[in-house]
2 protein chains.
Amino acid sequence: MTFSSFGRDMNLTMEVICRELFLHNRESIKIQKEETAVRNLVKILDAALRLCNEKGFASMSLRDLSREADLSLGAMYSYFSSKDDLLRLMQGQCRSMVLRALESGIEGFYDPRMRLRRLIQAHLYSSEILQPWFYMSYMETRSFPKDEYSLAIEAELFTEKTLVDIMLEGQASGLFKPVNAGLLGAVTKAMLQDWYLKRWKYSKRKITVQNYCDFVLDFIESYLLFTAEA
Amino acid sequence: MTFSSFGRDMNLTMEVICRELFLHNRESIKIQKEETAVRNLVKILDAALRLCNEKGFASMSLRDLSREADLSLGAMYSYFSSKDDLLRLMQGQCRSMVLRALESGIEGFYDPRMRLRRLIQAHLYSSEILQPWFYMSYMETRSFPKDEYSLAIEAELFTEKTLVDIMLEGQASGLFKPVNAGLLGAVTKAMLQDWYLKRWKYSKRKITVQNYCDFVLDFIESYLLFTAEA
DNA sequence: GTCTATACCAGGATAGAC
DNA sequence: GTCTATCCTGGTATAGAC
């Protein structure tokens with residue numbers, strides 16, 4: 001699976017994302033006409049992701065946002081009922097996109113080595129496309145209200161558990177070495193997250209998602225596979 | 001180097017830290033008497049770290065802080081001149097402690113393998129002791145004013161460069177395999193940071209800093225060393 | 001050195017015209 | 001559906017008594 005084929009399959013443009021967000025939240029959004037709603041949601045979310053990733057959600061004022069989104073304060077309140085509600089909308093959309101990306105990455109594959117590769121690729125590739133979403137989600141989790149917080153933690157642990165389960169499977173079938181799968185899963189997650197948390201660093205060094213992905217796979221597989229050294 | 005010997009050597013109690021912070025910032029702190037100042041700084045910084053790590057610096061109000069620190073608003077303003085100034089004080093103190101810990105970790109060691117081990121240990125052990133400081137520093141960097149931001153980024157890159165330099169040294173002397181040292185340094189940093197960023201996760205699983213450290217060292221050395229498999 | 005009281009403003013939220 | 005005008009809370013910061 002290459003990055004460009006993944007991107008084509010997932011089709012995650014802002015317009016598509018906002019349309020889905022609109023359809024899933026018709027009750028809470030006061031605007032009726034789909035085209036109007038989607039057009040403005042694109043403006044709002046683009047601006048929100050930009051501001052939020054610069055200074056953090058708490059420091060982003062709705063006045064800033066209204067200026068950047070080129071919509072009045074009053075108009076924006078037709079799309080969400082409070083600032084927290086905006087965060088909830090974005091967070092929910094992000095969670096559903098991530099889950100879909102990871103699941104579509106591994107479905108139909110049964111060999112542990114292949115499943116591990118595809119899961120890591122799906123994670124890195126989707127965080128490449130949705131970087132501002134992933135970043136915001138990571139940085140703002142702690143300020144969520146209790147129920148949203150739990151959902152976010154659950155999602156974090158789910159990814160990790162999926163990684164660990166694949167490793168355990170591979171160990172059970174004798175394909176992988178009997179290393180500490182729990183810890184390997186944890187640090188793998190950390191490496192995957194670093195890709196969207198330190199984007200500035202990797203861009204500056206001209207390291208592409210493909211480079212990073214190949215390296216991480218090599219590093220992990222060297223530790224897991226029995227294959228002799230080159 | 002074990003965690004407890006490191007802890008003994010560094011002697012990083014809140015009282016010691018605040019005394020140092022006071023001595024380095026006498027001009028900006030309006031209180032004269034050292035004992036009074038240190039006693040109150042401990043109260044302020046303990047509370048600030050707690051609140052800040054819960055909800056983020058921007059969402060921590062000085063009213064909250066004054067209540068938690070059990071000092072009036074007016075009194076607190078004798079210790080810093082603005083909320084941003086408080087952040088600057090804490091940030092500066094954190095940077096100086098980290099640098100000292102890392103340097104004292106590797107000084108006097110020349111074998112690349114040993115230097116790498118000691119640097120990783122020093123980083124993990126100090127982040128174990130200073131977890132709230134490290135966490136705050138990581139999460140708030142992006143909201144710093146420009147000059148403070150540059151200093152923080154510089155510190156991040158310095159640690160990474162130290163790691164990479166040791167790896168390159170080891171490769172040059174033929175001790176380490178010729179893997180991509182730049183990327184290995186980057187993901188190593190990510191693994192080190194995960195220890196203080198996801199403390200809740202590791203505590204819950206009863207993984208100690210010693211467990212984590214041993215695992216990370218094994219993982220990295222397996223990739224770097226020529227030694228045959230067990 | 002520490003407190004209380006208060007100035008002042010920015011931010012979230014809403015009402016009601018168009 | 002969108003805008004402008006406005007309300008009101010709660011934030012940072014300071015003044016001045018003790």
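Computed from a prediction, not measured in an experiment: that's the story for all the values here.
- A search for salt bridge (charged side-chain N to carboxylate O under 4.0 Å, His left out) contacts involving B:Glu35 returns B:Arg19, not counting sequence neighbours.
- Taking the six-membered ring for Trp and the full ring otherwise, A:Phe6 and A:Tyr125 have centroids separated by under 6.0 Å.
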Show each protein N/O and nucleotides 5-9 of chain D N/O combination with a separation under 3.5 Å, one pair to a line.
none

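- Residue-to-nucleotide proximity on DNA chain C shows that, of B:Ala75 and A:Met60, the 5′-proximal contact is made by B:Ala75.
- In this structure, the side chains of B:Glu15 and B:Arg39 stay at 4.5 Å or more apart for every pair of heavy atoms.
- In this structure, the CG atom of B:Asp85 is 14 Å from the P atom of D:dT12, given to the nearest Å.
- Atom pair B:Tyr79:OH and D:dT14:P shows a separation of 17 Å (rounding to whole Å applied).
- Taking atom NZ on B:Lys83 and atom C1' on D:dT14, their separation rounds to 18 Å, with Å as the unit.
- Here B:Met76 lies out of heavy-atom contact (under 4.0 Å) with every strand.
- Looking at heavy atoms from C-beta onward, A:Glu148 lies in side-chain contact with A:Arg95 at the 4.5 angstrom threshold.
- B:Tyr196 and B:Phe134 have their aromatic ring centers within a separation under 6.0 angstrom.
- When each of D:dG11, C:dG12, C:dC3 is scored by its nearest atom to the side-chain atoms of B:Ser61, the top-ranked nucleotide is D:dG11.
- Residue B:Tyr77 contributes atom OH, which lies 7 Å from atom P of D:dT14 at whole-angstrom precision.
- Distance B:Ile31 CD1 to C:dG1 P: 5 Å, rounded to the nearest Å.
- Checking B:Thr208 against B:Asn211 by side-chain atom types alone, a donor-acceptor pair falls below 3.5 Å.
- For B:Asn40, taking side-chain heavy atoms from C-beta onward, the closest of the listed nucleotides C:dT2, D:dG1, D:dT4 is C:dT2.
- One interatomic measurement links the two molecules: CG of B:Leu71 to C1' of C:dG1, which rounds to 10 Å at whole-angstrom precision.
- Rounded to an integer number of Å, the gap from NZ of A:Lys30 to P of D:dC3 is 15 Å.
- Spacing between atom CG of A:Asp70 and atom C1' of D:dT2 amounts to 12 Å, rounded to whole angstrom units.
- A:Met191 has its side chain within reach of A:Tyr212: a pair of non-hydrogen atoms, C-beta onward, lies under 4.5 Å apart.
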